[in-house]
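Down below is the structure, laid out as structure tokens.
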Amino acid sequence: MIDQHKPVKVIAVTGGKGGVGKTNVSVNLAMALSDMGHRTVLMDADLGLANVDVLLGLRPKKNIADVLSGECGLKEVMLDVCENLKIVPACSGTQEMTALSPHEHAELIHAFNEVSDDIDALIIDTAAGISDSVVSFVKAAQEVLVVVCDEPTSITDAYALIKLLNRDYKMTRFRVLANMVRTDNEGRNMFGKLLTVTDRFLDVTLQYVGSIPYDENVRKAVQRQVAVLKAFPKSKVSLAYRQLANKVNGWPVQAVPRGHLEFFVERLVQGARPSD
């Protein structure tokens, strides 16, 4: 029997800049978790430039904009990808969706309550940058996975995002994933660069969760519009995603509300109440 008050693990995948491979990380992490038996939902939170559906070769008839307009509920826009994995598609080329009001963001976050009984993990693929939209979704998650790659702008933009979240919203804990690395040492060096500046200027805790290797199979999978985990399941990059999912599976799940707008907060409040 499903525990109605079991908290949902909510992870925002972000990076501060475009081109670090966030969406590939989100898609393959979600797929790896679903392969482990976790009922997983992947939300495309790049509201104006959706690309999760493109990466997976899906053609959604409805999307987040239809939920916000009141045309339908969240369940009606969710698409099945494979067993245990659904996506919530965003729309593409719609300016209004990139400038939602705080009230509209809150409505979107609350909309997820209708699916809370059917989900173990929610992965949020945020937009690039440090817009209000990105901040809103990151704040509403339990875990923040910051993706970096070996470009100077990647480290500086990740630092800018962490600084903003720490200074303005008192967020203090971030997990860091190095993407498209040539060697394990390259990933650790990237993390070291970020850690050097955060330790010096910010009161935050960073945890290195590992690296995803550069692999030509990723590009081939993107061209086929299939997740690399499915297209090349025995590749080194697929193995790395399964190792990442194992680590994520071990992260503790927050069981009490933190006092601000967050995903599935009603379930946390119910779970925190003493049973009759």
Side-chain angles (χ1 to χ4, degrees), residues 7-16 22-23 26-27 29-30 39-56 58 60-81 85-145 161 164-165 168-169 171 253-254 257-270:
V8 179
K9 189 171 284 186
V10 185
I11 302 161
V13 180
T14 190
K22 271 185 313 73
T23 301
S26 300
V27 165
L29 172 58
R39 297 166 305 167
T40 306
V41 170
L42 170 59
M43 175 192 180
D44 190 341
D46 194 342
L47 300 180
L49 290 169
N51 52 12
V52 166
D53 54 327
V54 177
L55 269 185
L56 290 169
L58 301 171
K61 292 186 172 63
K62 294 181 184 294
N63 57 54
I64 284 172
D66 299 305
V67 177
L68 280 173
S69 70
E71 189 179 313
C72 62
L74 190 69
K75 282 185 179 178
E76 293 168 80
V77 308
M78 291 167 74
L79 293 176
D80 287 308
V81 179
L85 178 59
K86 299 176 186 289
I87 72 158
V88 177
C91 50
S92 199
T94 309
Q95 186 74 38
E96 310 89 77
M97 289 299 291
T98 64
L100 297 184
S101 68
H103 175 70
E104 288 170 316
H105 273 286
E107 279 190 351
L108 201 46
I109 289 165
H110 285 309
F112 277 81
N113 289 321
E114 74 168 273
V115 299
S116 63
D117 291 345
D118 308 313
I119 174 174
D120 301 312
L122 171 64
I123 308 296
I124 305 156
D125 180 36
T126 73
I130 53 175
S131 67
D132 290 345
S133 171
V134 171
V135 170
S136 176
F137 290 125
V138 170
K139 276 169 47 197
Q142 297 168 10
E143 298 281 357
V144 185
L145 183 61
L161 175 67
L164 173 72
L165 294 167
D168 295 354
Y169 303 101
M171 294 179 67
V253 184
Q254 172 198 318
R258 292 166 296 178
H260 63 254
L261 180 64
E262 54 195 294
F263 286 96
F264 310 112
V265 70
E266 282 81 357
R267 172 173 284 219
L268 294 176
V269 171
Q270 290 170 344

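One-based numbering along the sequence shown. Heavy-atom basis, side chains included; hydrogens, waters and symmetry copies ignored.
- A90 is linked by a side-chain contact (heavy atoms from CB on, under 4.5 Å) to D44, L47, A50, I64, counting only residues two or more places apart in sequence or in another chain.
- Under the salt bridge (charged side-chain N to carboxylate O under 4.0 Å, His left out) criterion, D53 pairs with no residue at all, not counting sequence neighbours.
- In this structure S69 satisfies the side-chain hydrogen bond (donor to acceptor under 3.5 Å, both in side chains) test with no other residue, sequence neighbours excluded.
- Put simply, the side chain of V88 reaches to within 4.5 Å of the side chain of F112, judged on heavy atoms.
- For the residue pair L74 and V67, the shortest heavy atom distance occurs at CA-CG2, 4.0 Å.
- For S136, the side-chain contact (heavy atoms from CB on, under 4.5 Å) partners two or more places apart in sequence, or in a different chain, are H105, I109.
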Checklist entry - Taking it one step at a time, do K86 and V115 satisfy side-chain contact (heavy atoms from CB on, under 4.5 Å)? => result CA-CA 11 Å; K86 299 176 186 289; V115 299; over 6 Å; no

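- Applying the salt bridge (charged side-chain N to carboxylate O under 4.0 Å, His left out) test to D168 and every residue at least two apart in sequence or in another chain returns nothing.
- One finds a salt bridge joining D118 and K75 here, because a Lys/Arg side-chain nitrogen approaches an Asp/Glu carboxylate oxygen to under 4.0 Å.
- With a 4.5 Å cut-off on side-chain heavy atoms, V41 and V8 do not count as touching.
- With sequence neighbours excluded, the residues forming a side-chain contact (heavy atoms from CB on, under 4.5 Å) with A127 are D46, V134, listed by chain and number.
- The two residues A141 and I124 have their closest heavy-atom pair at CB-CD1, 4.2 Å.
- Residues F137 and L108 meet the side-chain proximity criterion, which asks for heavy atoms closer than 4.5 Å.
- Inter-residue side-chain proximity for S26 and L42 is flagged as met; some heavy-atom pair is nearer than 4.5 Å.
- Looking only at side-chain heavy atoms (C-beta outward), L122 and F264 come within less than 4.5 Å of each other.
- For I130, the side-chain contact (heavy atoms from CB on, under 4.5 Å) partners at least two apart in sequence or on another chain are L161, L164.
- K22 meets the salt bridge (charged side-chain N to carboxylate O under 4.0 Å, His left out) test with D125; sequence neighbours excluded.
- Rounding to the nearest 0.5 angstrom, the gap separating the CD atom in E114 from the CD atom in E76 is 8.0 Å.
- The CG atom of L58 lies 5.5 Å from the CG atom of L79; values are rounded to the nearest 0.5 Å.
- Among residue pairs with one or both ends in residues 60-69, those qualifying as salt bridge (Lys or Arg N to Asp or Glu O under 4.0 Å) are K62-E71; sequence neighbours excluded.
- In this structure E107 satisfies the side-chain hydrogen bond (donor to acceptor under 3.5 Å, both in side chains) test together with H103, sequence neighbours excluded.
- Side chains of D120 and T40 form no contact here, defined as non-hydrogen atoms less than 4.5 Å apart.
- Within the 4.5 Å cutoff, the side chain of N63 has no heavy atoms near those of the V77 side chain.
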